[in-house]
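Not measured: the values here are computed from a predicted model.
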Amino acid sequence: QAEVSEEISSVPGIGPRAKELLAKEVEGDQAITTTYQLIGKFLTLKGQGMTPAEHCNAMWHWLKLRGVSSHRAGIVLCLAEKVNLFMPGVWVPPTSEVADEKADS
């Protein structure tokens with residue numbers, strides 16, 4: 001349970017290119033330059049009644065819209081796991097039963 005570092009590149013999957021892309025302001029969206037801002041963005045995408053999967057998908061798509069083309073799933077997973085430590089229930093890790101059900105379908 002490591003502390004949250006302000007440095008955005010401390011988030012696994014955020015390399016130099018992703019850091020550069022997120023630091024640019026785009027129409028309707030502010031620049032994201034710190035881990036705290038990235039966590040804030042993750043939380044703002046949690047709509048009322050959203051399932052954890054829908055929430056993570058929303059963040060994945062937001063990263064895609066910002067031009068982040070690699071490690072999106074890993075970035076989202078790291079954010080979800082970290083946020084869940086201080087806000088339990090925001091994200092529910094998949095259980096082996098769910099994984100087994102998906103494998104059977």
Side-chain angles (χ1 to χ4, degrees):
Q1 183 176 339
E3 289 187 27
V4 175
S5 167
E6 181 175 340
E7 175 54 51
I8 197 165
S9 62
S10 69
V11 177
I14 302 283
R17 181 68 178 139
K19 180 179 177 177
E20 177 185 322
L21 290 165
L22 293 172
K24 293 180 182 178
E25 278 192 40
V26 295
E27 189 175 332
D29 209 358
Q30 70 179 32
I32 303 291
T33 58
T34 70
T35 302
Y36 306 117
Q37 291 172 322
L38 190 61
I39 289 171
K41 186 61 180 184
F42 178 73
L43 291 171
T44 64
L45 293 172
K46 174 81 168 144
Q48 187 172 358
M50 268 185 153
T51 66
E54 291 168 335
H55 181 204
C56 288
N57 285 338
M59 185 66 181
W60 188 93
H61 285 287
W62 178 83
L63 288 167
K64 182 179 179 184
L65 288 172
R66 290 299 299 259
V68 177
S69 60
S70 54
H71 307 295
R72 286 190 298 261
I75 294 165
V76 173
L77 179 62
C78 289
L79 291 171
E81 288 177 340
K82 183 58 80 175
V83 168
N84 199 57
L85 289 174
F86 60 87
M87 297 178 77
V90 168
W91 178 72
V92 180
T95 64
S96 59
E97 288 178 15
V98 172
D100 290 343
E101 288 174 15
K102 287 183 179 178
D104 291 340
S105 41

>> Donor-acceptor check, side chain of Thr35 to backbone of Ser5, threshold 3.5 angstrom: yes or no?
In response: yes
>> With rounding to the nearest 0.5 angstrom, report the CD to OG1 distance, Glu6 to Thr33.
In response: 7.5 Å
> Are Leu45 and Met87 linked, directly or through other ILVMFWY residues, by side chains that come within less than 4.5 angstrom of each other?
Replying inline: yes
> Is it the case that one hydrophobic cluster holds both Tyr36 and Trp62, taking links as side-chain heavy atoms less than 4.5 Å apart, direct or via other members?
Replying inline: yes
> Atom CD1 in Ile32, atom CD in Glu25: separation rounded to 0.5 Å?
Replying inline: 10.0 Å
> What's the verdict on side-chain contact (heavy atoms from CB on, under 4.5 Å) for Leu22 and Ile14, showing C-alpha distance, side-chain angles and the deciding distance?
Replying inline: CA-CA 9 Å; Leu22 293 172; Ile14 302 283; 3.8 Å; yes
>> If you apply the rule side-chain contact (heavy atoms from CB on, under 4.5 Å), what do you find for Ile75 with Met59, and how did you get there?
In response: CA-CA 9 Å; Ile75 294 165; Met59 185 66 181; 5.6 Å; no
> Any donor and acceptor pair, going by atom type alone, linking the side chain of Asn57 with main-chain N or O of Ala53 inside 3.5 Å?
Replying inline: yes
> From Ile8 CD1 over to Leu38 CG, what is the distance, rounded to the nearest 0.5 angstrom?
Replying inline: 4.5 Å
> Among the clusters formed by ILVMFWY side chains lying less than 4.5 Å apart, do Leu21 and Val76 turn up in the same one?
Replying inline: no
> What pairs with Pro12 under side chain to side chain contact (heavy atoms under 4.5 Å, CB included), at least two apart in sequence or on another chain?
Replying inline: Cys78
>> Pairing donors with acceptors under 3.5 angstrom, does anything connect the side chains of Ser9 and Glu7?
In response: yes
> Are Leu43 and Lys46 close enough, and set up right, to give a side-chain contact (heavy atoms from CB on, under 4.5 Å), and what steps lead you there?
Replying inline: CA-CA 5 Å; Leu43 291 171; Lys46 174 81 168 144; 5.6 Å; no
> Does Arg66 reach the main-chain N or O of Lys24 with its side chain, forming a donor-acceptor pair under 3.5 Å?
Replying inline: yes
> Step by step, would you call Ile39 with Leu79 a side-chain contact (heavy atoms from CB on, under 4.5 Å)?
Replying inline: CA-CA 7 Å; Ile39 289 171; Leu79 291 171; 3.9 Å; yes
